[in-house]
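First comes the structure, then the notes that go with it.
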Amino acid sequence: MSTIATPTPTETSTGRAWLAADSQVREAAILDALAEADSDALAARIDTLIDRNRVIHEWESINLNPASNVMNPRAEAALGAGLSSRASLGHAGGKYEMGLEAIEEIEVIAADLACRVFGARYAEIRVGSGALANLYAFMATCQPGDSIIVPPASIGGHITHRPGGAAGLYGLDIHECPIDAEHFTVDLDALSELAERIRPKLITIGASLNLMPHPVAEIRAIADRVGADVLFDAAHACGMFAGGMWANPLDEGADLMTMSTYKSLGGPAGGLVLTNRADLAERIDAIAYPGLTANFDAGKTAALAITMLDWLEHGHAYALAMVATASALAGSLADLRLPVHSTVGGYTTSHQLAVDATEWGGGHEAALRLRPANLLACAIGLPGRGDMAGLRVGTPEIVRWGMTVDDMPELAGLIADGLRTDPSPVGLRTSAFRQRFTTLRYIRS
Ligand SMILES: *Cc1c(COP(=O)(O)O)cnc(C)c1O
């Protein structure tokens with residue numbers, strides 16, 4: 001028998017050699033620091049980290065990442081209200097387990113409210129994430145080996161549509177569509193030609209950065225010529241549709257619309273699939289159960305219902321505020337001579353914008369630079385510049401905390417100083433500014 005030497009801290013590794021070096025070092029450091037901790041210490045540490053997270057996000061920093069948001073406290077409370085651990089297989093009125101009279105009513109209400117907010121006939125709420133919503137959509141429309149056409153990363157196309165994501169894992173034959181950089185969307189002539197050539201089963205549109213509406217009706221017409229379905233991925237744009245700022249893709253001809261529920265929707269982490277087609281709704285229903293979700297999170301479902309009620313009451317005002325502040329922030333950043341990415345429609349017509357971060361080494365490097373300035377953002381692709389060349393900025397959270405267009409010059413100043421000067425002193429100014437905004441808007445009182 002050989003004895004196993006106890007590793008010294010510097011030798012400690014989690015054995016996950018496939019991770020990037022920075023991640024291996026960070027994981028090892030976390031585990032090393034807690035190597036002697038007993039269960040009580042670990043439990044206390046988790047409590048501390050939960051509190052620390054709230055301080056980071058709700059006191060010290062300003063979240064400029066449109067993929068993240070703050071929830072209505074009532075919706076958040078629903079996540080810890082004894083619902084999430086209850087198994088609930090099957091449909092209301094025909095549940096497999098007993099005692100689900102309350103949960104099945106929550107489930108039906110949540111789906112009905114989602115239909116009302118998005119003007120859809122059918123809503124599937126038993127979806128764990130936006131990525132899974134896309135997998136549901138792929139499974140409902142395609143068989144493994146079928147061809148699909150997707151938007152590339154240079155216009156914010158998402159990994160779930162590509163080989164490394166749900167589309168690739170499901171075995172789809174993926175073709176990226178050429179882009180129309182000026183309109184920050186796909187090139188319709190090129191799409192038409194590609195579609196005629198490969199005869200896809202599905203054409204997807206919608207991205208993680210949406211500066212202008214996508215031409216859904218035109219994509220529908222192309223899809224009709226080749227017998228394809230159209231999926232609109234509204235993971236980010238959903239707030240524009242729920243708030244009536246942009247034409248609803250389901251009205252413009254999309255067969256399916258998927259989304260994340262915690263980005264511009266400001267709800268719980270999860271996904272949503274919407275359609276007006278009964279045949280697709282039936283397939284999605286079977287994919288949800290008994291297909292992929294079996295039991296699902298009823299707490300998240302209740303939180304989604306509360307979120308949808310906020311949208312019905314305040315959605316248009318919320319979306320208007322998101323768009324107005326995004327435009328104002330883009331203008332203020334451009335006034336400070338930051339390279340705000342621009343389209344034929346201007347900097348943005350949505351709640352999102354992007355700064356060309358090439359001079360800071362790319363979007364991720366710019367985001368790392370802004371972290372000590374207590375400004376939270378992340379990278380995004382930009383046409384002709386690279387898949388991580390942009391710094392993406394969005395206004396879903398800041399307007400919920402009460403920032404308005406009048407606050408955007410000051411915020412732009414912090415972003416510019418964070419990028420151009422020593423970011424640490426900027427962090428103190430950011431926190432002082434952040435702490436003026438403590439009351440959530442656009443939620444039901
Ligand atoms: C965020 C995102 C997704 C994935 O959603 P998750 O909820 O993170 O799984 C899918 N599509 C697009 C365009 C996204 O931006």
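Not measured: the values here are computed from a predicted model. Order of listing sets the numbers, starting from 1, for every ligand and every atom in it.
Applying the side chain to side chain contact (heavy atoms under 4.5 Å, CB included) test to Tyr170 and every residue at least two apart in sequence or in another chain returns Leu135, Phe138, Met139, Cys142, Pro144, Leu172.
For residues 296-312, no pair satisfies salt bridge (charged side-chain N to carboxylate O under 4.0 Å, His left out), with sequence neighbours left out. Counting only residues at least two apart or on different chains, the salt bridge (charged side-chain N to carboxylate O under 4.0 Å, His left out) pairs with a member in residues 60-71 are Arg52-Glu60.
Note on Arg225 versus Glu196: salt bridge recorded, some NZ/NE/NH1/NH2 to OD/OE distance being below 4.0 Å. Remark: Glu365 does not engage Arg369 in a salt bridge, criterion side-chain N to carboxylate O under 4.0 Å.
Near ligand 1, Ser129, Gly130, Ala131, Asn134, His158, Thr160, Ala207, Ser208, Asp233, Ala235, His236, Ser260, Tyr262, Lys263 each place a heavy atom less than 4.0 angstrom from the ligand.
The structure places CG of Asp51 at 11.5 Å from CD1 of Ile46, a figure rounded to the nearest 0.5 Å.
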